[in-house]
Each structure stands twice: as C-alpha cells, then as structure tokens.
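Working notes, beginning with the structure itself.
In what follows, residues are counted from 1 in the order of the sequence shown. What you see is a predicted model; the values in this text were computed from it and never measured. Values below: all heavy atoms of this structure, side chains included; hydrogens, waters and symmetry mates excluded.
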Amino acid sequence: MRRLEKMLSNYQINVMHYIPGRIRISSPYWTGNSKIIETLMPILKMEDKILSVRHTPETGTLLVEYDATPDVQSAQIEAWFELVQKVHNNVITKEVTHL
C-alpha cells in the first residue's frame with residue numbers, strides 16, 4: 001500500500017481510507033463536475049472485481065468498493081490505481097494543451 005500511496009501522491013491523489021474491500025481516494029482536481037471523474041468512473045465500473053464507484057463532488061473523493069476475496073490481491077489493486085493515475089494525467093494534459 002505504501003508504494004501505491006507514493007505513486008498516487010505524485011499526481012496529488014491521496015489515499016484517505018483503506019480496508020480490504022473498500023478504498024477512498026481524493027484529489028483537489030476531483031471537486032465539482034470534474035472531467036477526470038467523468039472519464040474515470042465508467043472505466044473503473046467496467047473492471048470485473050470492482051463492485052461500485054461513488055464520487056462525492058463536494059469533497060473531491062472517490063469511494064471504490066471491490067471484491068475482497070483472496071483472488072483480488074495487491075497487484076490487482078495497484079493495476080486499478082495505475083489506471084486512475086493514467087486517466088487523471090491524460091485528462092489534465094488534454095486540458096492544459098487546449099488552453
């Protein structure tokens with residue numbers, strides 16, 4: 001989890017809370033009607049082991065609930081959040097280049 005937190009912090013994404021089956025992350029870029037969240041949520045919802053994804057626009061948090069059975073290992077969670085990082089970075093890059 002430490003490696004994941006460090007990786008995400010490079011993009012101003014913070015792990016707020018983690019228990020097996022549930023993780024809450026936040027970013028100042030995710031408040032309000034964020035284009036990052038609009039792009040990210042459908043992608044995460046397509047993942048087999050992710051049960052639900054909820055965004056709280058007022059606080060800029062994303063709650064991801066997933067199957068906590070033993071077949072979902074830390075490598076799978078890291079892969080999901082590498083995806084979060086990639087979408088986050090791509091949307092910001094597109095917004096900056098369109099200025």
Side-chain angles (χ1 to χ4, degrees):
M1 186 55 83
R2 293 273 184 220
R3 185 174 103 75
L4 175 64
E5 288 175 323
K6 184 176 180 172
M7 175 185 74
L8 294 174
S9 71
N10 292 331
Y11 295 90
Q12 294 187 359
I13 302 170
N14 299 306
V15 177
M16 305 297 293
H17 177 75
Y18 169 78
I19 58 172
R22 180 180 166 121
I23 187 164
R24 183 181 305 273
I25 55 178
S26 72
S27 174
Y29 294 103
W30 299 351
T31 58
N33 294 323
S34 167
K35 288 185 181 189
I36 296 168
I37 294 299
E38 289 175 12
T39 305
L40 184 59
M41 284 187 63
I43 294 169
L44 287 175
K45 287 179 179 180
M46 289 180 4
E47 292 288 324
D48 289 338
K49 299 293 183 172
I50 292 181
L51 306 174
S52 72
V53 181
R54 288 181 277 172
H55 175 234
T56 306
E58 297 82 11
T59 59
T61 60
L62 195 62
L63 177 64
V64 178
E65 294 178 307
Y66 62 92
D67 180 355
T69 57
D71 62 323
V72 176
Q73 308 223 350
S74 60
Q76 178 65 56
I77 296 168
E78 285 187 27
W80 292 334
F81 290 103
E82 285 174 4
L83 179 63
V84 169
Q85 169 190 314
K86 182 178 178 181
V87 170
H88 180 89
N89 193 40
N90 287 345
V91 172
I92 288 175
T93 300
K94 285 179 186 175
E95 288 181 355
V96 168
T97 58
H98 284 90
L99 291 178

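Hydrophobic clustering, with ILVMFWY side chains joined whenever heavy atoms are under 4.5 angstrom apart, groups I23 together with L83. Grouping the Ile, Leu, Val, Met, Phe, Trp and Tyr side chains by contacts below 4.5 angstrom, directly or via other members, places L63 apart from M41.
The shortest non-hydrogen separation linking I50 to L44 is CD1-O, 3.5 Å. Scanning both residues, P28 and T31, for their nearest heavy atoms gives O-OG1, 3.5 Å.
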Would I13 and F81 count as a side chain to side chain contact (heavy atoms under 4.5 Å, CB included) if you check the C-alpha gap in whole Å, the side-chain angles of each, and the deciding distance to 0.1 Å?
CA-CA 10 Å; I13 302 170; F81 290 103; over 6 Å; no
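Sorted by first then second residue, the salt bridge (charged side-chain N to carboxylate O under 4.0 Å, His left out) pairs that include residues 37-47, not counting sequence neighbours, number zero.
We find the CG-CG distance between L62 and L40 to be 6.0 Å, quoted to the nearest 0.5 Å. Atom NE2 of residue H88 and atom CD1 of residue I37 lie 9.0 Å apart, to the nearest 0.5 angstrom. Atom CG of D48 sits about 8.5 Å away from atom CD of Q76, to the nearest 0.5 Å. A distance of 7.5 Å separates NE2 in H17 from CZ in R24, rounded to the nearest 0.5 Å.
In this structure, Y66 and Y18 have parallel ring planes: the angle between them is below the 30° cut-off, well short of the 60° mark.
Here the side chain of T56 pairs no donor or acceptor atom with the backbone of T61 at under 3.5 angstrom. One N or O on the side chain of S27 and one on the backbone of Q12 form a donor-acceptor pair closer than 3.5 Å.
Residues passing the salt bridge (Lys or Arg N to Asp or Glu O under 4.0 Å) test with K86, sequence neighbours excluded: none. With sequence neighbours left out, the salt bridge (Lys or Arg N to Asp or Glu O under 4.0 Å) criterion links E65 to R22, R54.
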